[in-house]
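Please read the structure below before turning to the comments.
Treat the numbers as computed from the prediction; the structure is a model and nothing was measured.
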Amino acid sequence: MEPNLDRTAPRVTAAHLRTLLGSSAERPVLYLSYGEDSEAELDVWAAGLVHEADIVLTRVTAVDLLGEEPDSEAVAAALPKVQETVDRRISVRG
C-alpha cells in the first residue's frame, strides 16, 4: 500500500547507500533533510547532528544488510526496502 504523501519522497539511489558506507563521519546515517520549501532530500551526516526521527538508515544497519563492500546487485536489491523506510518517514512527518 502506498503512503498518502503531502510531499514528494526523495528516491533512494545506489549513490546514497555507497556514500553512507564510505562516510568518514562519526556514526554516519542516511537521513531526511527538509528545506524551507518543504521539499525533502536525502543526505549523509553524523548521527549526533541530525534529529533521530529523520534518520532513515544507519551505517551499522547498512553494513548488516549489505556487507562492508557490497556489489551492485546487493545494493540494487536493498533499494526498495530503504525506499519503503523513506516513504514511511515522509508520511509520518507530512
Side-chain angles (χ1 to χ4, degrees):
M1 182 167 111
E2 289 292 314
N4 183 7
L5 304 177
D6 290 338
R7 65 183 85 198
T8 303
R11 293 285 123 208
V12 179
T13 66
H16 289 118
L17 298 182
R18 294 208 180 277
T19 299
L20 175 62
L21 290 170
S23 176
S24 62
E26 184 177 332
R27 294 183 12 234
V29 295
L30 180 65
Y31 76 103
L32 286 162
S33 173
Y34 298 92
E36 288 184 29
D37 60 0
S38 74
E39 283 295 319
E41 58 185 44
L42 291 164
D43 204 355
V44 173
W45 200 246
L49 301 176
V50 300
H51 296 290
E52 186 175 337
D54 295 335
I55 295 173
V56 173
L57 184 67
T58 66
R59 183 180 190 285
V60 170
T61 303
V63 169
D64 287 347
L65 183 66
L66 300 165
E68 285 285 340
E69 295 181 24
D71 60 21
S72 296
E73 288 178 12
V75 171
L79 289 174
K81 182 175 183 174
V82 178
Q83 187 65 55
E84 285 178 22
T85 303
V86 170
D87 292 346
R88 264 194 319 276
R89 296 271 190 219
I90 289 283
S91 66
V92 168
R93 177 99 183 227

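The shortest non-hydrogen separation linking Trp45 to Ala25 is C-CB, 4.3 Å. Heavy-atom minimum distance, Ala53 versus Arg89: O-CD, 3.3 Å. Listed here is the closest heavy atom pair of Ala14 and Leu79: N-CD2, 3.9 Å. For the residue pair Pro70 and Gly67, the shortest heavy atom distance occurs at CD-O, 3.6 Å.
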TODO: Check step by step if salt bridge (charged side-chain N to carboxylate O under 4.0 Å, His left out) holds for Glu68 and Arg59.
DONE: CA-CA 10 Å; Glu68 285 285 340; Arg59 183 180 190 285; 3.2 Å; yes
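In this model, no donor atom of one side chain and acceptor atom of the other lie less than 3.5 Å apart for Thr19 and His16.
At a threshold of 4.5 Å between non-hydrogen side-chain atoms, the residues Val12 and Thr85 do not count as touching. Within the 4.5 Å cutoff, the side chain of Tyr31 has no heavy atoms near those of the Leu20 side chain. Between Val44 and Val29, the closest side-chain pair of non-hydrogen atoms is not below 4.5 Å. Looking at Pro10 and Glu39, their side chains never come closer than 4.5 Å, going by heavy atoms from C-beta outward.
Remark: Thr58 engages Thr61 in a side-chain hydrogen bond (donor to acceptor under 3.5 Å, both in side chains) (not counting sequence neighbours).
Residues Leu57 and Leu66 are members of one and the same hydrophobic cluster, defined by side-chain heavy-atom contacts under 4.5 angstrom among Ile, Leu, Val, Met, Phe, Trp and Tyr. One hydrophobic cluster, built from ILVMFWY side chains closer than 4.5 Å, cannot hold both Leu49 and Leu30; they sit in different ones. Cluster annotation: Val60 is not connected to Leu17 through the hydrophobic network of ILVMFWY side chains, with a link wherever side-chain heavy atoms come within less than 4.5 Å. Put simply, Val50 and Leu42 are part of two different groups of oily side chains (I, L, V, M, F, W, Y) that touch within less than 4.5 Å, one to the next.
The CD atom of Glu41 lies 15.0 Å from the CZ atom of Arg11; values are rounded to the nearest 0.5 Å.
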